[in-house]
Asker: 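Please read through the structure below; I'll follow up with questions.
Every chain is numbered from 1, with letters handed out A, B, ... down the list of sequences.
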Amino acid sequence: MWKNWTCKACTLAVFFLFLATAHVAFGQKTLGAEAAARAAEAGPVVDPAAKGEWVSILIKAVQGLGLLLLLLVVFLTSRLARLVDFDPFKNWNANVMNARMFAVFGAIFAGFILYELKYHAPYILPSSASVHGAEIDNLYNITLIMTGLVFVITQALLFFYAFRYQNSPRRKALYYPDNHKLELIWTLVPALALAVVVLYGVKVWNDIHHPQLAQEPIRIEVVAEQFKWTLRYSGDDATLGKYDYKKITGDNPLGLDSLDKAAHDDKVVYTKELHLPVNRPVTLHARAKDVLHGMYIPHFAVNVYAVPGMPTQFTFTPTMTTDQMRRKTGNPKFNYEMACGQLCGSSHYNMRVVVIIEDEASYKKWVAEQPTWITKDAPATAPEAPKSDAPKGQTAMNQIPVRTASLQ
Amino acid sequence: MASELSPQAVHALHTHDAHGAHADHGHHHHKESFITKYVFSQDHKMIAKQFLITGIVMGFIGGLMSLIFRLQLAYPDTPMPFLEGIVGKWAKDGTLDPSFYMSLVTLHGTIMVFFVLTAGLSGTFSNLLIPYQIGARDMASPFLNMLSYWFFFTSSVIMIVSIFIESGPAGPGWTVYPPLSALPQSMPGSGLGMTLWLVSMTLFIVSSLMGALNYISTILNMRTKGMSMTRMPLTVWAFLFTAILGVLSFPVLVSAVVLLIFDRSLGTSFYLSEIVLQGEVLANEGGSPILFQHLFWFLGHPEVYIIIMPAFGISSEIIATNARKPIFGYRAMIGSLMGISFLSFIVWGHHMFVTGMNPFLGTVFIIATLVIAVPSAVKTFNYLATLWQGNIRFTPAMLFSIGLVSLFISGGLTGLWLGNAPLDVPLHNTYFVVGHFHIVMGSAAIFGMFAGVYHWFPKMFGKLMNARLGYLHFWLTFAAAYMVFFPMHFIGLAGVPRRYYAFTEFDIASKFMDLNVFITWSAILGVGAQFIFLYNFVVSAIWGRKSPQNPWRANSLEWTTPVEHIHGNWPGEIPAVHRWPFDYSKPGAPQDFIPQHISEQDLKDGKNYWDEGGGDDHPVVAAPSGGGASAPVIEPEKVYYKDETSEADQAGA
Ligand code: HEM
Ligand SMILES: [Cu+2]
Ligand SMILES: [Cu+2]
C-alpha cells in the first residue's frame, strides 16, 4: 500500500516541479517581453537594463530551483524514512505528548507574559497627566486586577485540566451534565463584579463629560485636514469668532467670518506646536475640513473624533508640564504628542503635533507672540464664497442661508 | 411536523432514486453531469465543500497580504526590492506606497471578516451540518442554497479583481467610514476600488441572506422524528442564532451601503456635510458621517458574533465528544447563545464612544456591553466544567477547540476594558483594539474553523487528515497567535494608533521598532504554519486514509450516514432520534457513547451500535470486553492516532 502512496506522492512532486518550472519559464517570458518592449521604445540600441534583467532572472531562476530542490530533498528524506521504517516518533503516545505539551505550553505562556511584563509593559503610558486621566487610571487599575485574576485562574485551569484529564484507559469520564447551583454562582459572581466596574465606569464617564471646573476653560479650536492640523486661539476677548466652511480659501483656511468682531483677534497658528498652560481647564474644539480625523493626545487620555459638519469637543486639565514629565520619565527629549486617531487617508500616520504644557506665564507670552488673523491673513473685505463645482440640481443648496457656528 | 418529509426533501430523495430507471419524470437534471455535480450543485455537502475551499483560498490571500504590510511595519526604512516583484508599481524600488498599505489593510480585514470567517466558517459548517445533524435530506431550498454559494463566489471574484485595477483596491479600512469612502478624490483607494468593494459586499450580503433564510427554515421545519429543539446539537443551535443575527443585521448594512453608493455617485448628502476637500468647497450639507457608523455597527457588532457563534457551536460539540463527557450545562449554553444574540443588537455604540456621540448614549452602551460579558463568562466556565473529570482525547480538532477557549478568555477579558467607555477613551483606535479583536475573532474563530475542518473532514471527504501534521499545525499556530497579538496590547497601552503606515513619525511609536520586528517574524511563522495545513488538507483529501463511518465515536446523526456521499444523505429511512446528543460516558451504557438514534429498547436488546460501519477497522476504541460499567480500553497509538505507516501495516497490502 505504501508503495502506491509513494508513487502518488512522487507524481505530485513531479507535478509541482513542473508547475514551478513552468512558472519560472513563464515569468521569464513576460519579463523578457516587457524588457523587449522597453527596448523597442528606446530605439534600436539594445537597452543595457534589459540585459541586466536577464541576469537577475537567471539568478532568480537558480534560487527558485534551489528552493524546489531543497523541498524535494526534505520530501524524499521523509519518504525514505518511511521506506526503511525509520520513525523516531513511533513509540510516542500522541495523546500523552499533547497533554504534556499543554503543561509545557502553559509554562512557556506564563514565562512569555512575565517577559513581556518586564520588557514591554514599561513602555506603556505613564500615569495620565490630566485630572480626568487620573480617574481613568483608577478604573484601569481596578479592571486590570480583576481581569488579570480571572485570566490567570481560567487559563491555569484550562491548561491544567487539559493535562490532568488526558485520556487514560484506567479512568472513565464523569457523567456530569448539569449543576444549576454552580451555574447560578458563575452567572451571579461575574454579574456582580461587572456591576462594580460598570458603576465606577459610568461615574468616570460622567466626570469626563461634566467636569467640575474651578475656572472657565480656555477654548482652542483644533482643525484637521488631510494631512495637517491648524490651531486657533482666541484673542483678548477670550472668544472664538464665528466661522463658515464656505468662506474657506487659501487666505482664510479656517473660514473665519470677518463680519464677526470676535473673529478679528483670533490667532490662527500653523506651527506644529500646541501650547497649553498647566493646571488650567482647556476645551479643545475639534473640527474636520474634509474627512474624519481624530484628536488623540494619549498622555492626557484625550480622544475625540473630528467630524466634518459636526463640531466635537473635549475638556480637560493638564496637570504636568512638559518639563515635569521629562524629569519624571528621565527622558530629556520627552514630548507630549497629538496624533490623528481616525484613519483619514494615505498620510494618516504622519499628522504629529507636539503638545507643550508650560506655566501660565510662558503660555501667555507665547500666545501674545502669535499674530492675529485679521492682520495676518484676512483681506480687508469679507472674502466671497468660493465657487463650488456642484451639479446644477444642487445649486439651490448653496443659496440656503449660510449656517454659522459659534463655538461659545 | 418533524416526522414528515418536506416536499424538497422528497424531491431530493427522488433525485437519488431516479438515477437509473425513469428519466422522463418532468425533471431534467436527473442525470448528473460534471456541471451539476461539482459546479452548480444543489447538494448541501458539495456546497459546503465549495464554501470551504473558496474560504481557504481567500484566507491564504488575506494572510499573505498581512505579511506584506507586516514587513512594512517591521522595516519601514529598508527598501525591499522583492516587494516590487509582488505588488509591482505599488512598491517602486521596494518601498511600499502608503495608500497601497491602506488598501492591503482594508482588503485583509474585509476578506478575513466576511469571506473567510463569515462565509468560509458559517457557510461551510451550516451547510454541511444542519441537514446532517437534524436528520434532513437536504436544505429547505437546495436551489437557493446553490445561488447563495454562487453569489458568494461572484463577490469573491470581484473583490479579488479589485486588487488589480489601476487605482488600487479599496483603502478606507474594512469599516469604510465616509467621507473618506464617499469622496473618490480623498484617497486613491476611494475610487474604482471602493466601487468594486461596495458591489462585491452587496452581492456578499445577498448570498449570506439566502443562506441564512435557508438555515432557519431548515432547522425549524425539517428535523427528523424525535429531534426536538432541545435535542439538537449545540452546533445547530449556534447556526440557528447566527442565521437569525444575519437576517436581522445584514439588511441594515445593505441600506448603509446603498446610501453610500448614492452619496458617491448621485450627489446626495446622507453622510456628507460642510466639506472642503483639497481646497474645493463641496455643496453637500446636512448629512452625518456618524449616521453611517451607527448603521455599520448595527451590523458590525452582531457580525462579530455571527463569526464567533458557529465557532462556539463547533467547539462545544468537539470538546464534549473528545472529553467523552456531556457538555456541561446544555441549556445554559443555549441560553447564553440566546442572550448573546439578543444583546449583540444593543451594544453597537461601544465602537463609537469617542465619536462625539451624546454621553448619555455612551452610558447605555457601557451597561449593555458589559452585560454581554456575563453569558460569555458562563460559556467559558461551562467549557472548563466539561473538561473537568473528562477523559480527553487530543485529536487535532480537540486541540484547536481548547485553543479556542484559551483565546476567547484572553480576548473576552480585554473586551471588558474596551466596553467601559472611560477606559476606551485612551484605547480606542489603538493597537490595543487590534490585539483584542485579533485574539477573540481573528484567532479564536479561526481556531473554531480549523477544529471543524479536522473534525468533519471525514464527513466531507471520506478520508482522515494526518493527525501528526495536525498537531504540528496546532502548536505552531497557537504559539504564533499569542506571539503576534499579545504584545500588541502593550503597543496600544502606549498610545499608538492603529492603521499607521509606519511607526517612524511619533516618539510614542518609534520605541516599538524592535517589537514590530518580533511580531512580523512571528506572523511569518504563523502564516507559514498554515501551509502545513494546506498540504495536509490537499494530500489527505486525495490520498488520505479512508475514514470509518464514525471515527470519533460521536453521537450526532451525521455519523450514521455512509462515508460515501449520496443524495438524500441516508440510503434508507432517516433514523429517528431518541436522546440528546451528549450521552457520553453514561453510567450503565455498554460504551462511552450512545448515538442519538439508539433507543432504550436498542440498549436493552444489547444492540451493537459501536461497530456499525466501523467493523474491525474501528479506529478509535477497542470494544470493552465486559460491557456495562467497565472502562473503555483505548489504545490511541494503535488506533486513531496512527499515520500512514500503521495504515500500511494494517492494510497489509
Ligand atoms: C466579552 C465580550 C466583548 C466585549 C465586551 C467587546 C468589546 C469591544 C469594544 C468595546 C470594542 C471597540 C473598541 C474600540 O474601537 O475602541 C471592540 C472592538 C472589536 N471587537 Fe470586541 N468585544 C467582545 C467580544 C468580541 C468578540 C467575541 C469578537 C469577535 C468574534 C469581537 C470583535 C471585535 C472587533 C472585530 C472589533 C474591532 C472593530 C474595528 O474597529 O475594526 N469582540 N470590542
Ligand atoms: Cu488621520
Ligand atoms: Cu462590538
Asker: With no hydrogens and no angle check, is any side-chain donor or acceptor of A:E337 less than 3.5 Å from a backbone partner on B:F506?
Answerer: no

Asker: So which of B:V405, B:V374, B:V276, B:L387 has the biggest tally of heavy-atom pairs under 4.5 Å with chain A?
Answerer: B:V276

Asker: Side chain from CB out, backbone as N, CA, C, O: work out which of these in A:L144 comes under 4.5 Å of a heavy atom of chain B, or both, or neither.
Answerer: both

Asker: Using only heavy-atom distances, determine whether the side chains of B:S410 and A:Q155 contain a donor-acceptor pair under 3.5 Å.
Answerer: yes

Asker: Which distance, rounded to the nearest 0.5 Å, do you find between the OH of A:Y305 and the OH of B:Y177?
Answerer: 4.5 Å

Asker: At a heavy-atom separation under 4.5 Å, does B:D583 approach chain A through its side chain, its backbone, both, or neither?
Answerer: both

Asker: Counting N and O atoms only, with roles assigned by atom type, does the side chain of A:N350 sit under 3.5 Å from a partner on the main chain of B:E505, one being a donor and the other an acceptor?
Answerer: no

Asker: Please state whether the side chain, the backbone, both or neither of A:M351 comes within less than 4.5 Å of a heavy atom of chain B.
Answerer: backbone

Asker: Mind telling me whether B:W388 and A:Y165 have parallel, tilted or perpendicular rings, with 30° and 60° as the class edges?
Answerer: perpendicular

Asker: Examine whether an atom of A:E225 lies under 4.5 Å from a heavy atom of chain B, and if so say whether it belongs to the side chain, the backbone or both; otherwise answer neither.
Answerer: neither

Asker: Is A:M338 in contact with chain B via its backbone, its side chain, both, or neither, using a 4.5 Å heavy-atom distance?
Answerer: backbone

Asker: A:R171 side chain to B:G390 main-chain N or O, any donor-acceptor pair under 3.5 Å?
Answerer: yes

Asker: By a 4.5 Å heavy-atom criterion (distance strictly below it), what part of A:A195 contacts chain B: side chain, backbone, both, or neither?
Answerer: neither

Asker: For A:S168, does its backbone N or O pair with a side-chain atom of B:N391 as donor and acceptor, under 3.5 Å?
Answerer: yes

Asker: Applying side-chain contact (heavy atoms from CB on, under 4.5 Å), name anything that partners A:V189, two or more places apart in sequence or on another chain.
Answerer: A:I185

Asker: To the nearest 0.5 Å, what is the distance between CD1 on B:I327 and CG on A:D178?
Answerer: 11.0 Å

Asker: A:L292 versus B:Q293: any side-chain heavy-atom pair under 4.5 Å?
Answerer: yes

Asker: Step by step, would you call B:W475 with A:F102 a ring-ring contact (aromatic ring centres under 6.0 Å, His included)?
Answerer: CA-CA 9 Å; B:W475 288 109; A:F102 270 105; 4.9 Å; yes

Asker: Could you tell me whether a side-chain N or O of A:N303 sits under 3.5 Å from a main-chain N or O of B:V425, the two making a donor and an acceptor?
Answerer: yes

Asker: For A:V197, does its backbone N or O pair with a side-chain atom of B:N420 as donor and acceptor, under 3.5 Å?
Answerer: yes

Asker: Please identify which of these residues, B:L277, B:L180, B:L183, meets the side chain to side chain contact (heavy atoms under 4.5 Å, CB included) condition with A:D290.
Answerer: B:L277

Asker: For A:H209, is it the side chain, the backbone, both or neither that has a heavy atom under 4.5 Å from a heavy atom of chain B?
Answerer: side chain

Asker: Sort A:T147 into side chain, backbone, both or neither according to what part of it lies under 4.5 angstrom from a heavy atom of chain B.
Answerer: both

Asker: Taking the side chain from A:W186 and the backbone from B:A377, do they hold a donor-acceptor pair closer than 3.5 Å?
Answerer: no

Asker: Pick one of side chain, backbone, both or neither for A:N331, based on which atoms fall under 4.5 Å of a heavy atom in chain B.
Answerer: neither

Asker: Could you look at A:Y296 and say if it's the side chain, the backbone, both or neither that has a heavy atom under 4.5 Å from chain B?
Answerer: side chain

